[in-house]
Amino acid sequence: MTADASRGAEAPPELIQLLTPEGERVEHPDYDIDLTPEEVRGLYRDLTLVRRVDLEAVALQRQGELGLWASLLGQEAAQIGSGRALTEADMAFPTYREHGVAWCRGVDPVNLLGLFRGVNHGGWDPAEHNFHLYTIVIGSQTLHAVGYAMGIQRDGAEAASIVYFGDGATSQGDVNEAFIWASVFNAPVVFFCQNNQWAISEPLEKQTRIPLYRRASGFGFPGVRVDGNDVFACLAVTRKALAEARSGQGPMLIEAFTYRMGAHTTSDDPTRYRVAAELEGWKLKDPIERVRAYMFKNQIADQDFFDAIDAEADELGRDVRKRCLALPDPEPLAIFDHVYVEPHSLMDAERAEFATYLEGFEA
Amino acid sequence: MTADASRGAEAPPELIQLLTPEGERVEHPDYDIDLTPEEVRGLYRDLTLVRRVDLEAVALQRQGELGLWASLLGQEAAQIGSGRALTEADMAFPTYREHGVAWCRGVDPVNLLGLFRGVNHGGWDPAEHNFHLYTIVIGSQTLHAVGYAMGIQRDGAEAASIVYFGDGATSQGDVNEAFIWASVFNAPVVFFCQNNQWAISEPLEKQTRIPLYRRASGFGFPGVRVDGNDVFACLAVTRKALAEARSGQGPMLIEAFTYRMGAHTTSDDPTRYRVAAELEGWKLKDPIERVRAYMFKNQIADQDFFDAIDAEADELGRDVRKRCLALPDPEPLAIFDHVYVEPHSLMDAERAEFATYLEGFEA
Amino acid sequence: MTILTLAKALNEGMRKAMEDDSKVLVMGEDVGKLGGVFRVTDGLQKDFGEQRVIDTPLAESGIIGTAIGLALRGYRPVCEIQFDGFVFPAADQIITQLAKMPLRSLGKLRLPVVVRIPCGGGIGAVEHHSESPEAYFTHTAGLRVVACSNPVDGYAMIQQAIRCEDPVVFFEPKRRYWEKAEVDVDSSDWTPFDEAKVVRQGTDATLLAYGPMVKTCLEAAKASEDDGRSLEVVDLRSLNPLDVSKVTESVRRTGRCIVVHEAPVYNGFGAEIAARVTEECFYNLQSPVLRVGGPSTPYPPSRLEDHYLPDLDRVLHAVDRAFAF
Amino acid sequence: MTILTLAKALNEGMRKAMEDDSKVLVMGEDVGKLGGVFRVTDGLQKDFGEQRVIDTPLAESGIIGTAIGLALRGYRPVCEIQFDGFVFPAADQIITQLAKMPLRSLGKLRLPVVVRIPCGGGIGAVEHHSESPEAYFTHTAGLRVVACSNPVDGYAMIQQAIRCEDPVVFFEPKRRYWEKAEVDVDSSDWTPFDEAKVVRQGTDATLLAYGPMVKTCLEAAKASEDDGRSLEVVDLRSLNPLDVSKVTESVRRTGRCIVVHEAPVYNGFGAEIAARVTEECFYNLQSPVLRVGGPSTPYPPSRLEDHYLPDLDRVLHAVDRAFAF
Ligand SMILES: Cc1ncc(C[n+]2csc(CCOP(=O)(O)OP(=O)(O)O)c2C)c(N)n1
Ligand SMILES: Cc1ncc(C[n+]2csc(CCOP(=O)(O)OP(=O)(O)O)c2C)c(N)n1
Ligand SMILES: [Mg+2]
Ligand SMILES: [Mg+2]
């Protein structure tokens with residue numbers, strides 16, 4: 001059913017899917033998952049709330065409260081599915097778009113906004129959440145995740161790392177080096193590529209001429225393509241990959257086949273480079289609608305539940321907005337903070353000089 | 001027969017071979033080659049002469065006439081086989097070890113020595129020979145070759161480029177980016193990897209856990225493994241790959257499975273990291289001996305022929321030595337030459353200043 | 001005369017170069033249909049086709065590495081690095097290959113490659129989108145480094161860079177992309193692009209700047225008038241080579257020199273200027289050459305950038321200091 | 001007291017650090033069985049095992065990128081870049097990640113990573129094996145940059161760098177690897193590694209150097225005695241931060257300053273010193289700060305390196321010029 005969506009490349013030979021766009025559960029020989037109604041409701045709640053936070057952030061940007069926002073619209077299932085597969089001990093390395101994963105890791109959404117509002121470059125403690133800071137330089141975090149996984153190996157710990165990156169990122173040298181290192185050291189790392197079909201204005205065929213999940217085979221580890229709009233499948237596939245990584249079976253590449261429903265960021269104008277029909281096609285595969293349909297059909301939730309979630313989402317949106325506006329601007333002298341951990345004479349001198357300079361204005 | 005040689009990795013599933021170490025011609029369904037006795041003698045001569053030049057260079061280094069030398073010992077067949085597959089219009093991009101390819105491209109061996117003697121960084125005109133300068137920064141030339149091939153495409157020319165690199169180089173980001181670009185643009189480029197089992201002291205398993213030729217599959221183009229000590233097979237495989245590239249069928253990766261018989265360079269001491277038995281095993285697969293055996297068996301040459309080649313080799317060695325010693329040291333002011341093509345005030349000023357400084361000593 | 005923004009002037013300059021020479025190519029991320037994130041290549045792919053305006057894979061090393069290969073085949077690639085902070089994956093190709101290959105070949109190879117880098121801050125962007133990495137390249141022998149500051153120069157200098165037989169790193173001050181000026185697009189009677197320009201004459205001190213800071217310095221010079229100070233402003237335009245004679249001529253006359261850039265001061269390009277000017281004008285200097293630049297820290301979050309970036313006040317403060325010596 | 005070469009002193013220093021802290025790892029190309037191409041890591045893998053002394057794939061970006069990941073997991077990786085000229089593939093990881101991540105995290109993340117770089121020329125090597133890329137890193141805020149010049153400092157400074165909570169780029173002058181000195185391997189009473197050392201006292205001019213050029217400057221100072229000139233030599237040791245007070249104290253006393261390094265002069269680290277010293281010591285300087293360094297060209301073929309590299313004569317020539325001002 002998603003054959004048409006495989007831009008340019010051949011039909012996806014084995015898209016792992018557990019829930020159709022129409023909300024039908026389907027079986028897959030290698031991947032299955034047994035979810036309690038409670039768990040399904042939890043996933044639905046996650047999906048809905050992160051979409052709401054995302055919408056609020058877009059609005060905040062439109063109103064000038066954020067300098068920029070990179071929307072996850074359309075990619076909720078890929079992020080919630082994979083994010084909920086992680087154990088507390090696992091470590092996640094995001095790009096700049098993993099707001100859904102951040103949610104799963106317990107990062108307060110307001111903390112995501114700091115970077116986009118320009119009050120900091122990253123506002124949470126990675127160790128507290130086992131969720132690394134957002135990385136903007138495309139692909140560079142993949143090596144960090146592999147190094148981290150090599151550390152897990154050395155600690156003999158029961159954990160894995162997972163690293164997120166886009167379809168465009170697969171062209172960077174760093175990402176391919178990360179594949180090599182992970183493979184050579186058999187590191188417990190899962191490569192989670194959200195193929196949202198676009199790298200800003202460039203369609204997938206500018207990065208590869210075969211399906212991305214097959215890249216892994218050239219490096220000697222398995223790659224799979226999962227329906228990135230199917231939260232059940234994303235959860236099942238990632239859970240298995242992480243379990244294998246933790247048990248010493250090495251790395252795995254997961255290509256979550258999905259679609260960037262919005263602009264690349266709020267600065268972008270996708271009408272310049274892509275046709276509306278494409279978007280319409282993908283709307284039919286919405287990651288949230290299918291869960292909702294499934295839940296209705298299987299009486300996992302009633303209208304009251306959905307209403308309650310919507311209300312919670314609205315409340316969350318309001319709360320995020322309020323606290324975003326309250327985010328304090330940093331003090332000018334903060335420019336010199338945290339550049340070095342240990343005392344550094346140049347920083348001290350420049351800070352002092354700048355303080356004197358600023359005092360000159362107050363006088 | 002080379003299964004044992006596949007260090008760590010599984011047995012080579014499809015090593016393309018047309019001539020066994022014992023000098024027996026074998027058939028391969030996809031690759032064959034019809035060589036006239038004349039051509040076979042030519043290949044034998046090439047192999048012998050480049051080995052002789054190489055030996056002379058090692059000797060020159062030992063005697064302090066070269067600062068360094070990177071020996072091709074053991075890799076003659078990979079280089080001559082592939083080098084002789086090139087047409088004049090094709091362009092080759094070497095590492096620092098492709099003395100055999102240089103020979104095929106008509107580069108005077110003495111010109112190779114300049115770099116190692118320290119009188120220049122590269123002593124031939126790449127355009128004259130369609131043989132690029134030696135590149136020392138591992139892997140960087142692979143992107144140049146792809147860009148060059150993109151130029152061939154734009155020219156609509158009947159040509160291809162070929163780029164040489166080692167097993168170690170496959171770990172560099174640049175090499176993998178080159179694979180991506182070649183694949184995406186379907187560029188007429190052949191990737192010729194001489195897997196000589198070692199990157200200085202590091203065995204192949206530090207770079208990959210599967211056979212290298214399979215790397216290509218992850219990028220969507222074919223890869224093959226050829227017996228790198230079999231000059232017939234190297235010729236046949238490269239010829240076909242180049243023909244396909246020229247006719248618009250895109251890139252190909254050839255892994256020439258061979259062995260670095262000597263040290264990494266004359267500065268290296270391989271006894272620190274590899275066992276003698278390995279070397280002994282590979283001696284039995286010598287790339288020249290098998291051609292000689294084949295020629296004898298098939299009466300393609302008699303003793304007189306071999307004697308004549310040996311004499312030619314000795315003469316060439318003497319000639320190279322003589323002309324190496326005669327290579328002039330560059331003038332001090334040459335430091336400032338060719339840094340820029342167009343006039344550059346900083347270069348002019350520094351050159352003038354240095355000239356005055358030098359004159360101070362003469363006075 | 002046509003009124004053009006800097007972005008459009010660069011666009012027209014590239015268009016002209018592409019019309020004049022079919023070997024000129026444009027390549028980079030999103031330079032095609034999108035016309036680049038700043039629209040500097042807008043419309044070029046439409047008019048010159050995908051063979052000449054190439055949307056590349058997302059890999060900066062690949063962009064420069066393949067541009068080198070294209071140049072070896074006789075092409076003249078103009079590469080766009082999307083933002084200043086993303087040039088570093090290409091550092092190796094630029095520093096060890098692009099800069100050194102002509103020398104390596106004893107002059108037999110030429111690499112007429114232009115590396116366009118939108119640079120600098122002041123646009124409220126996130127990390128890596130506001131940097132000024134010029135010093136990494138001015139220190140790299142074999143490269144020419146230039147920075148344009150206005151539409152007139154933008155139109156001319158991009159064409160000069162493309163015609164140059166040496167590799168050129170070409171900085172474009174992104175916060176000035178939308179500034180307008182009258183440009184004579186029919187003339188090609190241009191100042192050589194390795195010459196500085198005195199953009200305002202003065203007698204009491206010399207302000208040296210390039211790229212985004214030229215405008216800031218002009219404003220400072222104007223403001224200084226009220227204090228009765230006459231400041232000369234020199235737009236360096238070329239950072240390697242530096243137009244030493246024009247710079248020293250000015251400083252000898254004024255006796256004071258202040259160099260202004262956005263990049264961190266520590267070992268920034270201002271250091272070279274200060275060292276060189278001092279050596280050449282030692283007896284003419286009434287005060288040491290002062291440097292105004294970013295703090296020696298990474299570029300801060302954008303809510304702090306007004307404090308980070310040199311502005312009118314910071315320049316005038318340095319002028320005061322120079323006069324107080 | 002033990003007599004050690006610089007290479008061995010570094011080796012012993014690393015060994016000590018690995019014994020003291022099980023989180024210390026050594027990683028790089030050929031650092032294991034081979035012990036590195038200069039044998040600086042000789043024997044470490046044998047004694048600490050492959051988990052702590054890691055032969056890596058041939059990829060510098062990978063080395064630094066994974067070292068960052070290991071540091072995030074609590075390890076203290078000491079990375080070897082095989083030669084100066086091969087650090088550039090790692091430029092992005094060093095400049096955009098290693099240097100900036102602690103700030104990015106508002107101090108929550110620490111990256112105690114050491115990047116060892118054998119540097120400089122004078123060993124008759126081929127291209128890319130003789131460079132001095134320190135200025136690329138001194139200009140990169142977030143990094144500490146140090147250079148050792150002798151076995152005593154080598155032994156101490158490598159341990160200090162490993163213990164430091166900030167990322168450190170650690171330059172080792174490869175042509176001094178085989179120089180010997182007595183090292184007290186039992187003491188850890190060391191000068192802080194961000195302090196300069198006056199290695200010879202003098203009154204008439206100050207020579208500033210680091211790494212390989214310290215020895216050259218000491219020789220020049222000795223030779224100058226015959227001309228009746230008393231030269232002070234300061235080994236900077238730390239390039240970022242610079243020990244400004246020790247440097248300016250010396251220059252104020254002597255009134256003349258010459259900075260010597262192998263790297264190209266143009267925008268090299270000497271530019272920063274010259275600019276800063278001039279600003280701080282303007283009224284004390286009898287002559288401008290002079291810079292002795294490599295020409296602003298790529299490193300030449302080795303038969304020319306004696307002309308390229310600053311030597312006794314070039315330093316003395318600059319001293320003469322300083323006195324002639
Ligand atoms: C090294 C680098 N080059 C360029 C950019 C500019 N840039 C930001 S996002 C982007 C496209 C990324 O595409 P993809 O990896 O598919 O991720 P997506 O944004 O679609 O999630 C580009 C080119 C960057 N951030 N880093
Ligand atoms: C970027 C870079 N890093 C490190 C080196 C140092 N070095 C020179 S050759 C070599 C090993 C290369 O191995 P391989 O690619 O297998 O080629 P071989 O020498 O075996 O032919 C290394 C690490 C280099 N030249 N360039
Ligand atoms: Mg994408
Ligand atoms: Mg090898």
Colleague: Nearest 0.5 Å, please: how far is NE2 in C:His307 from OH in A:Tyr357?
Modeller: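 Reported value, rounded in 0.5 Å steps: 9.5 Å.
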
Colleague: Given a strict heavy-atom distance threshold of 4.5 Å, which part of C:Tyr308 is in contact with chain A: side chain, backbone, both, or neither?
Modeller: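 C:Tyr308 touches chain A through backbone and side-chain heavy atoms alike.
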
Colleague: Among C:Phe88, C:Phe83, C:Phe86, exactly one meets side chain to side chain contact (heavy atoms under 4.5 Å, CB included) together with A:Val137. Which residue is that?
Modeller: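 Considering C:Phe88, C:Phe83, C:Phe86, a side chain to side chain contact (heavy atoms under 4.5 Å, CB included) with A:Val137 is found only for C:Phe86.
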
Colleague: Which one of A:Glu350, A:Glu202, A:Glu331, A:Gln207 has the most heavy-atom pairs closer than 4.5 Å to chain C?
Modeller: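 Looking at each option in turn, the highest pair count goes to A:Glu202.
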
Colleague: Examine whether an atom of A:Ile335 lies under 4.5 Å from a heavy atom of chain C, and if so say whether it belongs to the side chain, the backbone or both; otherwise answer neither.
Modeller: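 Looking at A:Ile335, backbone and side chain both touch chain C.
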
Colleague: Is A:Arg117 close to chain C through its backbone or its side chain, or both, or neither, when contacts mean heavy atoms under 4.5 Å?
Modeller: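 Both parts, heavy atoms under 4.5 Å.
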
Colleague: Can A:Arg272 and C:Asp42 be counted as an ion pair, charged N to O under 4.0 angstrom?
Modeller: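 Yes, A:Arg272 and C:Asp42 are salt-bridged.
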
Colleague: Select one option (side chain, backbone, both, neither) describing which atoms of A:Val339 are under 4.5 Å from chain C's heavy atoms.
Modeller: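 Side chain only.
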
Colleague: Is A:His121 reaching over with its side chain to a backbone N or O of C:Tyr299, donor-acceptor style, under 3.5 angstrom?
Modeller: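 Confirmed, A:His121 side chain pairs with C:Tyr299 backbone.
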
Colleague: Quick one: what part of A:Leu115 sits under 4.5 Å from any heavy atom of chain C, side chain, backbone, both or neither?
Modeller: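 Both parts, backbone and side chain.
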
Colleague: Roughly how far, to the nearest 0.5 Å, is the CD1 atom of A:Ile200 from the CG atom of C:Asp30?
Modeller: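 Between C:Asp30 CG and A:Ile200 CD1, I get 4.5 Å after rounding to 0.5 Å.
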
Colleague: Spell out, as yes or no, whether a donor-acceptor pair under 3.5 Å connects the side chain of C:Arg303 to the backbone of A:Pro330.
Modeller: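 No.
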
Colleague: What part of A:Phe354 is in contact with chain C, defined as an atom under 4.5 angstrom from a non-hydrogen atom: side chain, backbone, both or neither?
Modeller: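 It is the side chain, since no backbone atom gets that close.
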
Colleague: For each of A:Ile136, A:Asp269, A:Asp268, tally heavy-atom pairs with chain C at distances under 4.5 Å, and name the one with the top tally.
Modeller: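 Among A:Ile136, A:Asp269, A:Asp268, the one with the most close pairs to chain C is A:Ile136.
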
Colleague: Please name the pair of heavy atoms, one in C:Ala59 and one in A:Gln172, separated by the smallest distance, quoted to 0.1 Å.
Modeller: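 Shortest heavy-atom contact: CA-OE1, 3.7 Å.
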
Colleague: What part of C:Asp313 gets closer than 4.5 Å to chain A, counting heavy atoms only: side chain, backbone, both or neither?
Modeller: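 Both parts, backbone and side chain.
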
Colleague: Do you know which of C:Arg314, C:Glu60, C:Glu29 has the most heavy-atom pairs under 4.5 Å to chain A?
Modeller: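 Ranked by contacts with chain A, first place is C:Arg314.
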
Colleague: Look at C:Gly62, C:Ser296, C:Gly124, C:Pro295 and state which one has the largest set of heavy-atom pairs under 4.5 Å with chain A.
Modeller: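 The candidate making the most pairs under 4.5 Å is C:Ser296.
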
Colleague: How many angstroms lie between NE2 in C:His129 and OG in A:Ser267, if you round to the nearest 0.5 Å?
Modeller: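 OG of A:Ser267 is found 8.5 Å from NE2 of C:His129.
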
Colleague: Do the side chains of A:Lys206 and C:Thr56 get nearer than 4.5 Å, heavy atoms only?
Modeller: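 With C-beta onward as the side chain, the pair stays apart.
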
Colleague: So which heavy atom on A:Ser171 is nearest to which on C:Pro57, and how close?
Modeller: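 It is OG-CB, 3.6 Å.
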
